[in-house]
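The structure appears right after this line, and notes come after that.
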Amino acid sequence: METDIAAQYHGVKRVAISGNTSGDNTLVAAVTGKRIKVLGMVVVATGDVDFRLESGAGGTALTGIIEMAAAGNGFVLPMTFPGYHWVETAAGAALNMELSAGVQVSGALVYYLD
């Protein structure tokens, strides 16, 4: 018999992170009535840039501003279980990456919809 956690893992999704536009960069498109819940991520920048996750483009901040001050700087949100996610969007909102400059930011994101 499957546990609730095991059942939720069947809906886990993965996506590559790639953006280089100052301002809004969509990581996961909005899904009507669903919240995007981040289980883990790794991000690396090619130069000096500030990074923030938002619920929707130009929307509510989900993280503070994370400074990546040189090429190769980045951060990791270690993997966690559904229900213990790091951040979540509002229902029906995209997961947005806001950048302070036109610097390439790359990585990987693990999330689920709820």
Side-chain angles (χ1 to χ4, degrees):
M1 179 179 281
E2 251 179 19
T3 66
D4 287 346
I5 289 175
Q8 287 180 346
Y9 266 113
H10 290 292
V12 170
K13 301 175 185 304
R14 294 160 185 84
V15 65
I17 295 171
S18 182
N20 61 8
T21 302
S22 178
D24 296 321
N25 294 263
T26 299
L27 297 180
V28 180
V31 177
T32 302
K34 298 288 187 180
R35 295 176 186 273
I36 301 163
K37 298 184 175 186
V38 175
L39 294 173
M41 71 186 311
V42 59
V43 175
V44 178
T46 61
D48 187 4
V49 67
D50 294 341
F51 171 103
R52 180 172 77 174
L53 289 176
E54 295 177 332
S55 177
T60 303
L62 300 177
T63 65
I65 294 172
I66 300 167
E67 296 179 33
M68 295 183 276
N73 281 6
F75 67 92
V76 173
L77 294 179
M79 248 330 256
T80 189
F81 294 104
Y84 296 95
H85 50 277
W86 287 96
V87 296
E88 68 182 65
T89 65
L95 179 63
N96 184 62
M97 169 177 70
E98 183 182 71
L99 301 177
S100 65
V103 171
Q104 180 63 42
V105 174
S106 302
L109 170 70
V110 181
Y111 70 96
Y112 69 107
L113 302 173
D114 190 27

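Side chains are part of it too, since the values below use all heavy atoms of this structure and drop only hydrogens, waters and symmetry mates. Remember, predicted model here, so these are calculated numbers, not experimental data.
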Step by step, would you call M68 with V43 a side-chain contact (heavy atoms from CB on, under 4.5 Å)?
-> CA-CA 10 Å; M68 295 183 276; V43 175; 4.0 Å; yes
From T89 atom OG1 to K37 atom NZ, the distance as rounded to the nearest 0.5 Å = 9.0 Å
Taking every non-hydrogen atom, the tightest pair across A93 and A30 = C-CB, 3.6 Å
For residues G56 and N96, report the shortest heavy-atom separation together with the two atoms involved.
-> O-CB, 3.6 Å
State yes or no: do I36 and I17 share one hydrophobic cluster built from I, L, V, M, F, W and Y residues joined by side-chain heavy-atom distances below 4.5 Å, directly or via other members?
-> yes
Look at the side chain of W86 and the backbone N and O of P78, then say whether any donor-acceptor pair between them is shorter than 3.5 Å.
-> yes
Evaluate the criterion side-chain contact (heavy atoms from CB on, under 4.5 Å) for residue pair M41 and L53; output intermediate values, then yes/no.
-> CA-CA 11 Å; M41 71 186 311; L53 289 176; 3.9 Å; yes
V31 reachable from V15 in the ILVMFWY side-chain graph, under 4.5 Å edges | yes
Atom pair CZ (R52) and CE (M97), whose distance is rounded to the nearest 0.5 Å = 13.0 Å
Between the OG1 atom in T63 and the CD atom in E98, the distance rounded to the nearest 0.5 Å is 9.0 Å
Between D114 and R35, is there a donor-acceptor pair closer than 3.5 Å when you use the side chain of the first and the backbone of the second?
-> no
Taking a hydrophobic cluster as the set of Ile, Leu, Val, Met, Phe, Trp and Tyr residues connected by side-chain heavy atoms closer than 4.5 Å, whether directly or through intermediates, do L77 and L113 fall within one such cluster?
-> yes
Does Y112 share a hydrophobic cluster with L62, counting links as ILVMFWY side-chain heavy atoms below 4.5 Å and allowing steps through other members?
-> no
Of all the heavy-atom pairs spanning L99 and F51, show the shortest one and how long it is.
-> CD2-CD1, 4.0 Å
Between S18 and Q104, the two heavy atoms sitting closest are OG-NE2, 3.0 Å
For N25 and T21, which heavy atoms make the closest approach, and how far apart are they?
-> ND2-O, 2.7 Å
How far apart are the C-alpha atoms of M79 and L39, what are their side-chain angles, what is the distance that settles it, and do they pass the side-chain contact (heavy atoms from CB on, under 4.5 Å) test?
-> CA-CA 6 Å; M79 248 330 256; L39 294 173; 4.0 Å; yes
Check whether the side chains of E88 and S55 place a donor and an acceptor atom closer than 3.5 Å, and report yes or no.
-> no
For R14 and Y111 the tightest heavy-atom approach is N-CE2, 4.4 Å
Cluster question for you: counting only ILVMFWY and a side-chain heavy-atom cut-off of under 4.5 Å, with indirect links fine, are V87 and L27 together?
-> yes
Is there a side-chain contact between S106 and V44 (heavy atoms, below 4.5 Å)?
-> no
CG (N73) and CD1 (I66) are apart, to the nearest 0.5 Å, by 12.0 Å
With rounding to the nearest 0.5 Å, note down the distance linking CG in N20 to OG1 in T46.
-> 8.5 Å
Would you please name every residue forming a side-chain contact (heavy atoms from CB on, under 4.5 Å) with S22, sequence neighbours left out?
-> none
